[in-house]
There are 2 protein chains.
Amino acid sequence: MRWAELEREACSVARTVSVVGDRWSLLILRDCFLRVRRFEEFQARLGITRHVLADRLRKLVEAGVLARVAYRQRPLRYEYRLTEKGLDLNPVLLALVRWGDAHMAGERGPPKLYEHRACGHVFDPVMCCSVCGGAVTARNIRILDGPGAAPAAANDA
Amino acid sequence: MRWAELEREACSVARTVSVVGDRWSLLILRDCFLRVRRFEEFQARLGITRHVLADRLRKLVEAGVLARVAYRQRPLRYEYRLTEKGLDLNPVLLALVRWGDAHMAGERGPPKLYEHRACGHVFDPVMCCSVCGGAVTARNIRILDGPGAAPAAANDA
DNA sequence: CTCTTGAGTTCCGAAACGGAACTTTGCTAT
DNA sequence: ATAGCAAAGTTCCGTTTCGGAACTCAAGAG
């Protein structure tokens, strides 16, 4: 299976992975949420090759996750900003952070803390049920076929 | 930067990405949560080459996300099961699903639905604050340096 | 004794990646 | 005026990884 085929699958994980499913895209997005916007700054912070950076930025723009906006005419220069669609990836990044903090942190503790402006406290991001607000874990979920399920079933989720 | 250097960064996203930051690992994990356990079944469902599948399973086992357990002696056969550490990746997968459902779903709707056993309802997974329980979005978070932050600061998150 | 199952390994050509140099446009300091 | 610099890429090349298909190994089944 090739990259391009992924987004055609009847699986939301596969479709999302077709956009952000490589290490560089995820790290670029991490930096976007830290307000990094410019080519040179991504390149310096990430240690990614310019070639690959240009490619990933182009793909993220095509996917509608980032927008390429001119921040200066003459000489014409562009920067990359999260769109609403991109901002919506925040839970994905938070989930990655949470797992890294819990399972891969050094002895010194988590490198970043997150404060919830609404309540003013440093918090852990927790997955909750939109209906009852209770915590959701792997063991208290049941997975059902939805309306967009594959006809005969095969690849899914 | 090479793969191996990622996990040494003072960034929980980078460390997590060093484990699950490629498309196949994420799709394998998706299937794990759907109770797929065997080599042949992964291979058939994913369309991944056997070569790469063997490599990814090995790496996920090394990372402690999956466990390789014999399910039959003579002939000796192994299957792959999520460990506690692996089950803890559930929020990552849910966040990916949620974004795919919201931004990449076909017109027929989401391919899968998730029922919260605790309340019995089909729900959307929402990121919440562990302190106040309120919803967390990109715009109501403030990011602070934590105890494990890089000394002089450079790559972070 | 041949067939089938299951979990891999091997081999090869194609694609993606890492590293470094080069390009382009206009500003800035000499 | 002119040499240097900044920013955002592009080009080139050698290495690594990937996709596809065939092969291996062990044991039970017909």
Side-chain angles (χ1 to χ4, degrees), chain A residues 1-9 14 17-28 31-32 35-63 66-81 155, chain B residues 1-9 14 17-28 31-32 35-63 66-81 155:
Chain A
M1 191 202 299
R2 318 304 260 293
W3 269 102
E5 298 169 43
L6 260 190
E7 64 190 290
R8 272 177 255 124
E9 287 209 19
V17 163
S18 75
V19 176
V20 300
D22 79 277
R23 65 172 168 151
W24 289 125
S25 298
L26 287 167
L27 292 173
I28 288 168
D31 275 7
C32 288
R35 300 180 208 296
V36 174
R37 296 203 168 94
R38 308 221 172 137
F39 192 94
E40 297 292 325
E41 199 179 354
F42 285 115
Q43 206 275 320
R45 287 174 51 92
L46 295 173
I48 186 177
T49 62
R50 308 175 73 77
H51 180 62
V52 175
L53 176 57
D55 178 73
R56 291 300 185 279
L57 290 172
R58 194 180 312 119
K59 282 178 179 158
L60 289 170
V61 169
E62 273 168 26
L66 297 181
R68 185 166 177 266
V69 306
Y71 68 91
R72 193 172 68 192
Q73 255 55 14
R74 353 185 3 98
L76 191 51
R77 291 283 182 272
Y78 294 97
E79 65 180 15
Y80 297 87
R81 288 160 177 264
N155 281 4
Chain B
M1 192 201 299
R2 318 304 260 289
W3 270 102
E5 299 170 41
L6 260 190
E7 65 191 289
R8 271 178 255 124
E9 287 211 17
V17 163
S18 75
V19 176
V20 299
D22 79 277
R23 64 171 169 153
W24 289 126
S25 298
L26 287 167
L27 293 173
I28 288 168
D31 276 6
C32 288
R35 300 180 208 295
V36 174
R37 296 206 170 94
R38 308 218 173 140
F39 192 94
E40 297 292 325
E41 199 179 355
F42 285 115
Q43 206 273 321
R45 288 174 50 93
L46 295 173
I48 186 177
T49 62
R50 307 174 73 79
H51 180 62
V52 175
L53 176 57
D55 177 74
R56 291 300 185 280
L57 290 172
R58 195 180 312 118
K59 282 178 180 159
L60 290 169
V61 169
E62 273 168 28
L66 297 182
R68 185 166 178 266
V69 307
Y71 68 91
R72 193 172 66 194
Q73 255 55 9
R74 358 183 358 99
L76 193 51
R77 291 285 180 268
Y78 294 97
E79 64 181 14
Y80 297 86
R81 290 161 175 264
N155 280 3

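For clarity, every value in this text was computed on a predicted model and none was experimentally measured. Within every chain, numbering begins at 1; the chains are lettered A, B, ... in the order of the sequence lines, protein sequences first and strands thereafter.
Between A/R56 and the phosphate of C/dC17, there is a side-chain N or O to OP1/OP2 separation shorter than 4.0 Å. Look at A/R23 and you'll find a side-chain N or O under 4.0 angstrom from OP1 or OP2 of C/dG18. The phosphate of C/dA7 (OP1 or OP2) has a side-chain N or O of B/Y71 nearer than 4.0 angstrom.
Distance CG/B/D31 to CG/B/L46: 4.5 Å, rounded to 0.5 Å. With values rounded to the nearest 0.5 angstrom, B/R68 atom CZ is found 5.0 Å from B/Y78 atom OH. Note that CD of A/E79 and CD of A/E41 are 10.0 Å apart. Values are rounded to the nearest 0.5 Å. The line from CG of A/L57 to CZ of A/R38 is 13.5 Å long, rounded to the nearest 0.5 Å. Note: A/R45 CZ to A/E40 CD = 14.0 Å, rounded to the nearest 0.5 Å. Between the CH2 atom in B/W24 and the CG atom in B/L60 there is a gap of 13.5 Å [rounded to 0.5 Å].
Atom CG of A/L46 is separated from atom P of C/dC17 by 14 Å (rounded to the nearest Å). Regarding B/L53, its CG atom lies at a distance of 8 Å from the P atom of C/dG8, rounded to whole Å. A straight line from CG of B/L57 to P of C/dA7 spans 10 Å, rounded to a whole angstrom. C/dG6 atom C1' lies 11 Å from atom OH of B/Y80, rounded to whole Å. Residue B/H51 contributes atom NE2, which lies 18 Å from atom P of C/dA7 at whole-angstrom precision. Whole-Å rounding puts the B/E40 CD to C/dT4 C1' distance at 12 Å. Residue B/R77 contributes atom CZ, which lies 16 Å from atom P of C/dT4 at whole-angstrom precision. Put simply, CD on A/Q43 is 13 Å from P on C/dA21, counting in whole angstrom units.
Map B/L76 and A/D22 each onto its nearest nucleotide of DNA chain C; the residue landing nearer the 5' end is B/L76.
Rounded to 10 degrees, the angle separating the terminal axes of the helix from C/dC1-D/dG30 to C/dT30-D/dA1 is 10°, with each axis obtained from five end pairs.
Remark: B/R72 CZ is packed, more than 12 non-hydrogen atoms of other residues, nucleotides or ligands lying under 6.0 Å away.
Contact annotation for B/R74: backbone-only contact, meaning every heavy-atom pair under 4.0 Å involves sugar-phosphate atoms and none involves a base.
With a cutoff of under 4.0 Å to any heavy atom of chain B, the contacted region of DNA chain D is bounded 5' to 3' by D/dC18 to D/dG28.
Nearest approach of A/A14 to B/L27, heavy atoms of both residues: CA-CD2, 3.9 Å.
Without hydrogens or angle criteria, A/Q43 side chain to A/I48 main chain gives a donor-acceptor distance under 3.5 Å.
Scanning atom types as modelled, one donor and one acceptor separated by under 3.5 angstrom connect the side chain of B/R50 and the base of C/dG8.
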